[in-house]
Peer 1: 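Pasting a structure here, questions to come.
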Amino acid sequence: MSRSFRAMKGTRDLLPNETIRWRQLETVIHDTMKAWSYGEIRTPVFEMTELFARSVGEESDIVSKQMYTFTDQSKNSLTLRPELTAPTMRAYIQHNLARDGALTKLYYMDTLFRQERPQAGRMRQFSQFGAEAIGSPHPEQDAEVISLICAILNKLGVINLEVVINSIGSAHSRDRYRDELVNFLTPLKNQLSETSQRRLDTNPLRILDTSDEGEQAILADAPDIMEFLDGEDLSHFEELQDHLTEFGIDFRRDKSLVRGLDYYTRTTFEITSPNVGAQSALCGGGRYDDLIAQLGGKPTPAVGFAAGIERILIAAGEHKETSLEGVSVYVVTVSDNTRSAAAKLADNLRQNGVTASFDTLRRSVKAQLREANRLSSSHAVFLGDDELNSGSVEVKELDSGLQSKVAIEEIISHFTID
RNA sequence: GUGGGGGUAGCUCAGUUGGUUAGAGCUCCAGGUUGUGGCCCUGGUGGCCGCGGGUUCAAGUCCCGUCCCUCACCCCA
């Protein structure tokens with residue numbers, strides 16, 4: 001086994017028994033997005049590296065150490081997308097989607113790439129779906145986006161969810177807070193971890209979501225961002241909470257919820273599940289009112305989320321096998337003389353929309369029936385010399401074991417009219 | 001990048017203080033019905049015991065190295 005190829009670290013194959021669940025989940029997502037009037041967008045797997053550096057932030061972990069970056073033959077620095085909000089906004093600007101209306105609602109479902117050490121719920125190639133509502137600065141839009149992901153998770157049967165929200169303010173109020181936080185932490189600098197000390201210069205807000213207990217104790221006395229939000233930030237945050245309550249969504253406010261992407265303004269949120277292991281975030285999102293302008297578009301407010309499909313599948317747990325419904329026929333070849341007749345019959349059934357199989361291993365009747373059983377076929381059709389001579393075949397209903405004769409001319413209608 | 005756990009049949013795993021031809025369950029294949037499945041019975045296929053080196057009369061078992069998987073830290077979906 002050591003000599004054969006295997007899927008690269010952090011990637012995996014989805015085998016037929018798993019793709020069934022994936023399809024079910026994808027169907028729920030597409031249907032719900034449609035019901036909420038979000039249109040699907042699909043963007044290329046790679047983009048200019050600069051797009052992510054500018055939007056996600058040079059200092060973010062994603063850009064500083066997790067990207068699959070390469071140089072193409074034209075010496076362009078390209079990167080396999082590590083997230084999908086920036087590419088979606090790039091496309092929004094490039095195609096001037098704003099002309100279609102004051103509000104543009106987009107969703108995506110695709111694979112992303114981050115070069116991290118894999119663990120439960122974290123892969124190097126992974127899948128996300130997400131929604132972006134572009135054009136509305138108002139809190140009801142934030143609430144709609146949050147209720148959208150909650151609706152999808154509910155439909156998927158994911159339970160034990162926790163919705164956590166916070167506001168990190170708009171750019172100017174956040175700047176004032178950042179200065180204050182730096183003032184507070186600088187005298188305590190030598191009590192901070194190495195990475196936090198570095199972040200004090202590069203991205204002080206990120207220190208807030210440390211998991212180090214000593215640092216958490218220090219931060220307990222740190223200034224609260226709520227005290228620095230301006231009036232509009234505050235009312236936005238309060239209205240968001242009112243709307244969530246109206247939607248019947250339970251949530252918790254966590255002032256340490258900062259998130260690792262630089263483009264957020266005001267609302268940030270996360271939905272977590274305890275059943276995934278350490279990687280408990282199923283969904284993360286927030287408002288990013290400045291991003292489109294940063295990427296060269298007309299200043300346009302927007303809010304969205306991204307959710308991890310692998311994590312959702314883990315959180316949803318095992319689902320009972322949904323057995324195949326409807327008719328499926330196994331044509332049993334009883335004698336060597338009837339091989340081509342059996343193949344032809346199966347083909348004829350398929351042409352008429354009936355799921356059908358026949359034996360290509362030249363196995364015994366017993367083995368063919370075992371195969372029919374393994375395939376969960378609903379019926380077996382026996383085709384041997386007697387049947388060819390008499391012009392009628394034996395049709396056996398596999399659940400009940402009942403068997404009857406059906407004229408060959410009527411076999412198609414026998415299964416299609418059922 | 002840093003830790004913990006683990007690599008024996010397709011899958012899940014057992015394998016004693018080193019000791020003959022390395023085991024079980026499930027799966028798969030075949031037979032038990034000269035043309036009839038599931039359940040049951042019988043038999044069979046399938047192993048560089050992750051890889052390399054060392055110790056020993058003898059290594060799946062002990063030692064060293066190495067690769068891979070996995071969980072966790074960091075961070076995130």
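Remember, predicted model here, so these are calculated numbers, not experimental data. In the text below, chain A, chain B and the rest are named by the order of the sequence lines, each starting its count at 1.
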Peer 1: Give every donor-acceptor pair under 3.5 Å between a side-chain atom in residues 47-56 of chain A and any protein atom, sequence neighbours left out.
Peer 2:
{"from": "A:Glu47", "atom 1": "OE1", "to": "A:Arg90", "atom 2": "NH1", "distance (Å)": "3.0"}
{"from": "A:Glu47", "atom 1": "OE2", "to": "A:Arg90", "atom 2": "NH1", "distance (Å)": "2.5"}
{"from": "A:Thr49", "atom 1": "OG1", "to": "A:Ser77", "atom 2": "O", "distance (Å)": "2.9"}
{"from": "A:Thr49", "atom 1": "OG1", "to": "A:Ser77", "atom 2": "OG", "distance (Å)": "2.8"}
{"from": "A:Thr49", "atom 1": "OG1", "to": "A:Leu78", "atom 2": "N", "distance (Å)": "3.3"}
{"from": "A:Thr49", "atom 1": "OG1", "to": "A:Leu78", "atom 2": "O", "distance (Å)": "3.4"}
{"from": "A:Thr49", "atom 1": "OG1", "to": "A:Thr79", "atom 2": "OG1", "distance (Å)": "2.7"}
{"from": "A:Arg54", "atom 1": "NH2", "to": "A:Gln294", "atom 2": "O", "distance (Å)": "3.3"}
{"from": "A:Ser55", "atom 1": "OG", "to": "A:Leu51", "atom 2": "O", "distance (Å)": "2.8"}

Peer 1: Go through the structure and list residues passing salt bridge (charged side-chain N to carboxylate O under 4.0 Å, His left out) with A:Arg174, not counting sequence neighbours.
Peer 2: none

Peer 1: Is A:Phe382 stacked on the base of B:rG35 when the test is centres under 5.5 angstrom and planes under 30 degrees?
Peer 2: no

Peer 1: Who passes salt bridge (charged side-chain N to carboxylate O under 4.0 Å, His left out) against A:Lys396, sequence neighbours left out?
Peer 2: none

Peer 1: Identify, with sequence neighbours excluded, every residue that meets side chain to side chain donor-acceptor pair (under 3.5 Å) alongside A:Asn352.
Peer 2: A:Asn348

Peer 1: For B:rG46, what is the paired nucleotide under Watson-Crick or G-U wobble rules, both distances under 3.5 Å?
Peer 2: none

Peer 1: Go along nucleotides 39-46 of chain B 5' to 3' and tag each nucleotide: B for a protein heavy atom under 4.0 Å from its base, S when only backbone or sugar atoms are that close, - otherwise.
Peer 2: --------

Peer 1: Taking B:rU20 as the reference, what is the distance to B:rG38 when you measure between their C1' atoms (whole Å, please)?
Peer 2: 42 Å

Peer 1: What is the pairing partner of B:rU55, taking Watson-Crick or G-U wobble pairs with both distances under 3.5 Å in any strand?
Peer 2: none

Peer 1: Not counting sequence neighbours, list each pair that qualifies as a salt bridge (Lys or Arg N to Asp or Glu O under 4.0 Å) and has a residue in residues 124-133 of chain A.
Peer 2: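 Checked against salt bridge (Lys or Arg N to Asp or Glu O under 4.0 Å) - neighbours excluded - no pair reaches residues 124-133 of chain A.
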
Peer 1: Write down the partner of B:rA72 under the Watson-Crick or G-U wobble criteria, each distance required to be under 3.5 Å.
Peer 2: B:rU2

Peer 1: Using a cut-off of under 3.5 Å, enumerate the N/O to N/O pairs linking the protein to nucleotides 68-74 of chain B.
Peer 2:
{"from": "B:rC69", "atom 1": "OP2", "to": "A:Lys9", "atom 2": "NZ", "distance (Å)": "2.8"}
{"from": "B:rC71", "atom 1": "OP2", "to": "A:Ala120", "atom 2": "N", "distance (Å)": "3.3"}
{"from": "B:rA72", "atom 1": "OP1", "to": "A:Ala278", "atom 2": "N", "distance (Å)": "2.9"}
{"from": "B:rA72", "atom 1": "OP2", "to": "A:Gln119", "atom 2": "NE2", "distance (Å)": "3.3"}
{"from": "B:rA72", "atom 1": "OP2", "to": "A:Ala120", "atom 2": "N", "distance (Å)": "3.2"}
{"from": "B:rC73", "atom 1": "OP2", "to": "A:Gln119", "atom 2": "NE2", "distance (Å)": "3.4"}
{"from": "B:rC74", "atom 1": "OP1", "to": "A:Ser211", "atom 2": "OG", "distance (Å)": "2.0"}
{"from": "B:rC74", "atom 1": "N4", "to": "A:Gln119", "atom 2": "OE1", "distance (Å)": "3.2"}
{"from": "B:rC74", "atom 1": "N4", "to": "A:Arg122", "atom 2": "NH1", "distance (Å)": "2.6"}
{"from": "B:rC74", "atom 1": "N4", "to": "A:Arg122", "atom 2": "NH2", "distance (Å)": "2.5"}

Peer 1: Looking only at side-chain N and O atoms, does A:Arg363 come under 4.0 Å of OP1 or OP2 in B:rC28?
Peer 2: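 No, outside the criterion.
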
Peer 1: What do you reckon, are the aromatic ring centroids of A:Phe228 and A:Tyr177 less than 6.0 Å apart?
Peer 2: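 When the ring centroids of A:Phe228 and A:Tyr177 are compared, they turn out to be within the sub-6.0 Å range.
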
Peer 1: Determine the contact category for A:Val365: base if any of its heavy atoms lies under 4.0 Å from a base atom, sugar-phosphate if only primed atoms, P, OP1 or OP2 are that close, otherwise nothing.
Peer 2: sugar-phosphate

Peer 1: Within the structure, does a side-chain N or O atom of A:Arg370 lie under 4.0 Å from either OP1 or OP2 of B:rA30?
Peer 2: yes

Peer 1: Regarding A:Glu387, tell me which of base, sugar-phosphate or nothing describes its non-hydrogen contacts under 4.0 Å with the strands shown.
Peer 2: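 If one applies the 4.0 Å heavy-atom cut-off, A:Glu387 turns out to touch a base.
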
Peer 1: Looking at residues at least two apart in the chain, or sitting in another chain, which of them share a ring pair (Phe, Tyr, Trp, His ring centres under 6.0 Å) with A:Phe269?
Peer 2: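 For A:Phe269 there are no ring pair (Phe, Tyr, Trp, His ring centres under 6.0 Å) partners, ignoring immediate neighbours.
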
Peer 1: Who are the side-chain contact (heavy atoms from CB on, under 4.5 Å) partners of A:Arg363, not counting sequence neighbours?
Peer 2: A:Asp359, A:Leu361, A:Ala367, A:Glu371

